[in-house]
Amino acid sequence: MSNIMEIIKKYPREKRYTLAMLQDVQKHFNYIPRQALEMISEYVNTPLSNLYSMATFYKALSLKPKGKYVIKVCDGTACHIRSSMVLIDEIYNILKIRPGETTEDGMFSLETVNCLGSCAIAPVMVVNDKYYGKVSPAMVREIIKEYGGEKNE
């Protein structure tokens, strides 16, 4: 796990950089392996339980591997009123995953978020960093196809 040490050593051995280290590890591996928690714990001399608390507190961090493509569906007030739950149902129909789950092939993960700050184009869906506004169930199918889902249809 030399990659982990390379990431960690970009920062001084100070606790205040712990979250940045965790974010960088998350970005590199798409989750935070236990070994990374242990290495950071030793590097900044803080209990492993503190790192576990941070890793489970922030929704952007995950201890389980996420899919190559992370689909976020906004369920804030504007998106909820404009049927964001229908989008989640459509994603389930296509990929067979619910929020918090990853497809068996590791390609897609689904998350709901409280607000993406794009209420004017609700309902909003984001795949990795690409935003899709005024999304309909039919658009969900096309968007997923863009990322290699539903190849056989």
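In terms of hydrophobic clustering, with Ile, Leu, Val, Met, Phe, Trp and Tyr side chains grouped at heavy-atom distances under 4.5 Å, Tyr92 and Val135 are assigned to different clusters. Taking hydrophobic clusters as Ile, Leu, Val, Met, Phe, Trp and Tyr residues chained together by side-chain heavy-atom distances below 4.5 Å, Met107 shares a cluster with Ile143. Residues Ile91 and Met85 share a hydrophobic cluster, clusters being chains of Ile/Leu/Val/Met/Phe/Trp/Tyr side chains in contact below 4.5 Å. Under the 4.5 Å side-chain heavy-atom criterion for ILVMFWY residues, a single connected hydrophobic cluster contains both Leu63 and Tyr58. Following chains of ILVMFWY side-chain contacts shorter than 4.5 Å, one cannot reach Ile94 starting from Val70, and the two form parts of different hydrophobic clusters.
Ring-plane geometry between Tyr132 and Tyr147 is classed as perpendicular, the angle between the planes exceeding 60 degrees on a 0 to 90 degree scale with a lower cut at 30.
Using a 4.0 Å cut-off between charged side-chain N and carboxylate O, Arg98 and Asp89 make a salt bridge. Between Glu6 and Lys10 there is no salt bridge, since no side-chain N of the basic residue sits under 4.0 Å from a carboxylate O of the acidic one. Between Glu101 and Lys96 there is no salt bridge, since no side-chain nitrogen of the basic residue lies less than 4.0 Å from a carboxylate oxygen of the acidic one.
In plain terms, the two heavy atoms of Thr102 and Pro65 that are nearest each other are OG1-O, 3.8 Å. Between Tyr69 and Val127, the shortest heavy-atom distance links the atoms CB-CG1, 4.0 Å. Here the shortest heavy-atom pairing between Pro12 and Met21 reads O-CE, 3.8 Å. Scanning all heavy atoms of the two residues, the minimum distance from Ile7 to Tyr11 falls at O-CD1, 3.6 Å. Of all heavy-atom pairs between Lys134 and Ala120, the closest is CE-O, 4.0 Å. In terms of heavy atoms, Thr112 sits closest to Pro99 at CG2-CG, 3.8 Å.
To the nearest 0.5 Å, atoms NZ (Lys72) and CG (Asp129) are separated by 7.5 Å. From Arg82, atom CZ reaches atom SG of Cys119 across 8.5 Å, with rounding to the nearest 0.5 Å. Between Leu51 atom CG and Lys15 atom NZ the span is 10.0 Å, to the nearest 0.5 Å. Rounding to the nearest 0.5 Å places CD1 of Ile97 at 10.5 Å from CD1 of Ile88. Annotation: the span from Lys145 atom NZ to Glu142 atom CD amounts to 5.0 Å, rounded to 0.5 Å. For the atom pair NZ (Lys9) and CD1 (Ile4), the distance works out to 13.0 Å, reported to the nearest 0.5 Å.
In this model, a donor atom of one side chain and an acceptor atom of the other lie less than 3.5 Å apart for Asp75 and Ser84.
A donor-acceptor contact shorter than 3.5 Å links the side chain of Asn30 to the backbone of Gly67. With hydrogens and angles ignored, the 3.5 Å screen pairs a side-chain donor or acceptor of Arg13 with a backbone N or O of Tyr43. Ser41 contributes a side-chain N or O that, together with a main-chain N or O of Thr46, makes up a donor-acceptor pair within less than 3.5 Å.
Every salt bridge (Lys or Arg N to Asp or Glu O under 4.0 Å) that Glu14 has, sequence neighbours left out, goes to Arg16. Considering only residues two or more places apart in sequence or on other chains, Tyr17 meets the side chain to side chain donor-acceptor pair (under 3.5 Å) condition with none of them.
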From CA spacing to verdict: side-chain contact (heavy atoms from CB on, under 4.5 Å), Met139, Met125: CA-CA 10 Å; Met139 290 172 68; Met125 182 171 129; over 6 Å; no
Run the numbers on Leu48 and Arg34 for side-chain contact (heavy atoms from CB on, under 4.5 Å), then give the verdict. CA-CA 10 Å; Leu48 184 60; Arg34 179 177 175 86; 3.5 Å; yes
Test log, rule side-chain contact (heavy atoms from CB on, under 4.5 Å), inputs Ile71 and Asn128: CA-CA 7 Å; Ile71 301 169; Asn128 291 353; over 6 Å; no
Would Val25 and His28 satisfy side-chain contact (heavy atoms from CB on, under 4.5 Å), going step by step from the backbone distance to the final call? CA-CA 5 Å; Val25 170; His28 183 80; 5.8 Å; no
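Each of Ile40, Ile32, Leu22, Leu37 was scored for a side chain to side chain contact (heavy atoms under 4.5 Å, CB included) with Met54, with one residue passing: Leu22.
Annotation: side chain of His80 is not in contact with side chain of Thr77 (no heavy-atom distance under 4.5 Å).
Under a cut-off of 6.0 angstrom, the local environment of NZ in Lys66 is crowded, with over 12 non-hydrogen atoms contributed by other residues, nucleotides or ligands. By the neighbour-count criterion of 12 heavy atoms within 6.0 Å, atom CD of Glu42 is sparsely surrounded, having that number or fewer from other residues, nucleotides or ligands.
Under a 4.5 Å side-chain heavy-atom cut-off, the cluster of Ile, Leu, Val, Met, Phe, Trp and Tyr residues that includes Tyr131 is completed by Val113, Leu116, Ile121, Val124, Val126.
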